[in-house]
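See below for the structure under consideration.
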Amino acid sequence: MNKHVKNLAPETTDLSRRSFLVGTAATGLVLGYAASGIDEALAAPAPANFEPSVWYSIAPDGLVTVTCGKADMGQHVASTMAQIVAEELGANWKDMRVQLASNDPKFNDPVLGAQITGGSWSTMMNFDAMSRAGAAGRIALTEAAAASMGVPASELVVRASTISHPKSKKSMSFAEVVKSGKATKTFTADDLKAIKLKSADQYTMIGVSVPQLDIPLKVNGTAKYGIDVMLPGMVYGALVTPPVRYGATVKSVDDSAAKKVPGFIRAVTLDDKTTTTTGWVVAVANTYAQAKKAAEALKISYDGGPNAKLSSESLFAEAKRLQGLSDSGEFFVKDGDPNAAFGTAAKVLEAEYTTNINIHAPMEPMNATAEFKGDILHIYSGNQFATRSGAIAAGAAGIDPKFVVMHQMWLGGGFGRRLDADMMVPAVQAAKAVGKPVKVIYTRENDMTMDFSRPLTYQKVKAGVDGDGKLVALSHDVVSAWPTQRWGIPDFLSPSVDKKGPLDAFTVNGSDFFYTVPNHYVRAIKNEMAHNATPSGQLRSVAPGWTFWAVESMVDEIAHATGKDPALLRVELLDGKGKNDGGAQRLRNTLLAAMGLAGYGTKKLPKGEGMGVACVSSQERATASWTACVAHVAVAPSGEVTVKKLTVATDVGTQVNPDGIRAQVEGAALWGMSLALFEKATLKDGGIEQTNFDTYTPLRMSQLPEVAVNVIANGEKATGVGEPAVTVVAPAIGNAVFNAVGARVRGLPITAEAVKAAMKA
């Protein structure tokens, strides 16, 4: 388990650091923190509320409001947290409400971990703690009701927000118990740990597709996104960004033409001590249209900096150079001796796999609104990492982070993009410069050219098989920028197994697969040139989006080289020996489920069509959701690939909301297809060439295939579903293309030109 996961997972958290108080009043919000995302009546609960936990309260009218410490970007995680609480609390679903947490220190919960939303961690890492919170509330309410009714608490039944005593026919609603003021029981961390939770066969809410609580809010306009924020006296900022992605500086700004634009206030050149941005200027005006017009009128000269001549080609060339050095990088996996095994292998295969730069492009433009109230900075924005974002906002303002209040908004798409806080820097510095609240809204061009993108990657894989066709050795070098190291948070890095220093495991996760290979090396190599020129972030699926592209493609290449069926070779490799015990069996079962659902190997396909398989343990080995895909494709003589069907099976342990899970798996699979076939950004002269959806072309509705999903819920611990299906689709498609026309493509995206060239090779 990676170091950062150890710090966040509830199993490894020291619960003794905090007592769990039931029946206490809300802590004072000295800096004016408030929850956001619902109406003010719910955001500011009445003093008489019963608060079993910092994470939810019950009002005198019986409404239960759950505060979600995760970013909700359409995956309905707030509703999921409420459903987990409701199960153990015994609440009626119609009484449940949700709101979003601020960065108030009271939400820095040692059990639930940091306010970060990524890695498909949210449900997995919150399920137990939120269940215990719900159970503690139920126990406190039950004991209070027992005292009021004069009956033993052990004889009470809690269901649908009502506590009843079957023998006497007495009952009290949650509302009545809260009004009585008798719910005062407190729980220590040890008390919480000792609570016996429901078993899976006792669930009445978990596993039910209840309506998502955030949908009505989003339909009626109650849910506020960052772009919806309106403050008294607010003005607007529009960006002018340099032609170089990173490293440029502003030499001069001529605002003479901008001054002629009605409503123009001033141009602010960012002085960003956090180094999140370089070379940016903000035009501030009374309206966004005026700010945008003023920005277009500014005449700015730049020093392009050290990255001004770099291109995708130069980044790939540097990656290849680094991979060729025997002493570069650090080891992520070092089992056995692959080099010795290669020397005695009956057959050795080598291949290079690449992926290009990919852009997040969420539908809601990046935005932030900043306002100074005395010494306190208020930031309104949707973000996925409140702790880090608050620190960046503070750094941009030159103040202590304790004086920053983050107002979390609903996110119109995140996918990892809003783990970064660049949008806060211009808003903060512009607000400070003009003395008014400032809302900054990116154009699509701003966002695409300044995205913290998925990094360009180069991978070299070498495999050795013995005389029986058994895989005996595999070495895997992964060269890329290191997005997580850029964050500057040591706990998110992992020690290398060769003790050379910390490495960014988020660039190699997935390469530590569950196949049994006695001799296995994985080397993580930082491409410093790419790291500096294209500062990268975490895009939905992170490293498994490229590592499994290489691993699952190579497994297929081994199968074909040894005359084995690719799916059956995987079953053979997933024998569960040694450290792979448990995980390999679950992955094998998932693969077999996908094969059965797709009819893999049971039907003859027309010429030019093929099926391909892949199976993955995404998101990370320690936090895996076992996922397999069978892709059915048709390949035209031109090389154009049409995906006819994607069949995805995923083992999620315990499913909270089946409809929500299926929606996320379907969306993830289609995102994976988009990355596999259509999405590509390129660097030229230090800048991203693609500026809008005419040149960066994700999957369109007209290109959607049939998607079949099989969710395996076996009562094991809940796992994540937002990302795993992204990682399995590209290799399944690539393998299907080979089975259809014999063309092996080793670079993403898989273009018609690449397929046609491979057909001729």
Between the side chains of [X] and [Y], does any donor sit under 3.5 Å from an acceptor?
X      : Y      : value
Thr627 : Thr650 : yes
Asp504 : Thr484 : yes
Asp512 : His520 : no
Ser617 : Arg586 : no
Thr682 : Gln690 : yes
Arg621 : Asn580 : yes
Asn532 : Asn307 : no

Decide yes or no on side-chain contact (heavy atoms from CB on, under 4.5 Å) for His632 and Glu609, but give the supporting numbers first. CA-CA 7 Å; His632 179 186; Glu609 293 188 16; 2.8 Å; yes
Do you know the tightest heavy-atom contact between [X] and [Y]?
X      : Y      : result
Ala550 : Val461 : CB-CG2, 4.1 Å
Met450 : Arg417 : O-NH2, 3.9 Å
Ala567 : Asp565 : N-OD2, 2.9 Å
Ala463 : Met554 : CB-SD, 4.2 Å
Ala743 : Val737 : O-CG1, 3.7 Å
Glu552 : Cys615 : OE1-N, 2.9 Å

Check whether [X] reaches the backbone of [Y] with its side chain - one donor and one acceptor, N or O, closer than 3.5 Å.
X      : Y      : answer
Ser311 : Lys684 : no
Arg486 : Ser536 : yes
Ser674 : Leu699 : yes
Asp468 : Lys470 : no
Thr547 : Ala543 : yes
Asp498 : Glu330 : no
Lys717 : Met124 : no
Lys347 : Ala561 : yes
Gln384 : Thr117 : yes
Arg523 : Ser475 : no

Suppose we screen for ring pair (Phe, Tyr, Trp, His ring centres under 6.0 Å). Which residues come up paired with Tyr515, at least two apart in sequence or across chains? Phe513
Test ring pair (Phe, Tyr, Trp, His ring centres under 6.0 Å) applied to Tyr600 - qualifying residues, sequence neighbours left out: none
Less than 4.5 Å apart, side chain to side chain, heavy atoms only: is that true for [X] and [Y]?
X      : Y      : result
Leu748 : Trp546 : no
Pro544 : Gln619 : yes
Pro338 : Lys462 : no
Val729 : Trp671 : no
Lys320 : Tyr458 : yes
Ser625 : Ser120 : no
Thr275 : Tyr246 : yes
Asp337 : Tyr521 : yes

Regarding Lys756 and Glu753, does a basic nitrogen lie under 4.0 Å from an acidic carboxylate oxygen? no
Any salt bridge between Asp556 and Arg570, counting N to O under 4.0 Å? yes
So, taking the atom named [atom1] in [X] and the one named [atom2] in [Y], what distance separates them when rounded to the nearest 0.5 Å?
X      : Y      : atom1 : atom2 : answer
Ser312 : Ile688 : OG    : CD1   : 7.0 Å
Ser496 : Leu503 : OG    : CG    : 5.5 Å
Glu679 : Leu539 : CD    : CG    : 7.5 Å
His560 : Asn735 : NE2   : CG    : 6.5 Å
Leu573 : Lys564 : CG    : NZ    : 7.5 Å
Leu591 : Asp651 : CG    : CG    : 13.0 Å

Quick check: are there more than 12 heavy atoms from other residues, nucleotides or ligands sitting under 6.0 Å from NZ of Lys526? yes
Can you confirm whether Lys309 is buried at NZ, in the sense that more than 12 heavy atoms of other residues, nucleotides or ligands lie under 6.0 Å from that atom? no
Going through the checks in order, is the salt bridge (Lys or Arg N to Asp or Glu O under 4.0 Å) test met by Glu350 and Lys460? CA-CA 7 Å; Glu350 292 188 67; Lys460 183 75 173 287; 3.5 Å; yes
Just one of Trp482, Phe492, Phe506, Phe452 clears the ring-ring contact (aromatic ring centres under 6.0 Å, His included) bar with Trp487, so which one?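 Exactly one option meets the ring-ring contact (aromatic ring centres under 6.0 Å, His included) with Trp487, and it is Phe492.
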Would Glu557 and Arg746 count as a side-chain contact (heavy atoms from CB on, under 4.5 Å) if you check the C-alpha gap in whole Å, the side-chain angles of each, and the deciding distance to 0.1 Å? CA-CA 11 Å; Glu557 297 203 42; Arg746 299 185 178 92; 2.9 Å; yes
Taking the six-membered ring of Phe415 as reference, does the NZ or CZ atom of Arg540 fall below 6.0 Å from its centre and within a 45° cone about the axis?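 So Arg540 doesn't make the cation-pi contact.
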Between Leu677 and Gln703, does a side-chain contact (heavy atoms from CB on, under 4.5 Å) hold up when you go through it step by step? CA-CA 11 Å; Leu677 297 177; Gln703 298 163 323; over 6 Å; no
Kindly determine whether Ser453 and Asp451 satisfy side-chain hydrogen bond (donor to acceptor under 3.5 Å, both in side chains), including the steps that lead there. CA-CA 5 Å; Ser453 54; Asp451 183 35; 5.1 Å; no
Under the side chain to side chain contact (heavy atoms under 4.5 Å, CB included) test against Arg454, which residue among Thr534, Leu675, Ile357, Asn356 passes?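 So the option named by the test is Leu675.
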Test side-chain contact (heavy atoms from CB on, under 4.5 Å) applied to Thr695 and Glu689, step by step: CA-CA 8 Å; Thr695 49; Glu689 292 188 278; over 6 Å; no
Side-chain atoms of residues 638-647: list all donor-acceptor pairs with protein atoms under 3.5 Å, sequence neighbours left out, distances to 0.1 Å.
from, atom 1, to, atom 2, distance (Å)
Ser638, OG, Glu640, N, 3.4

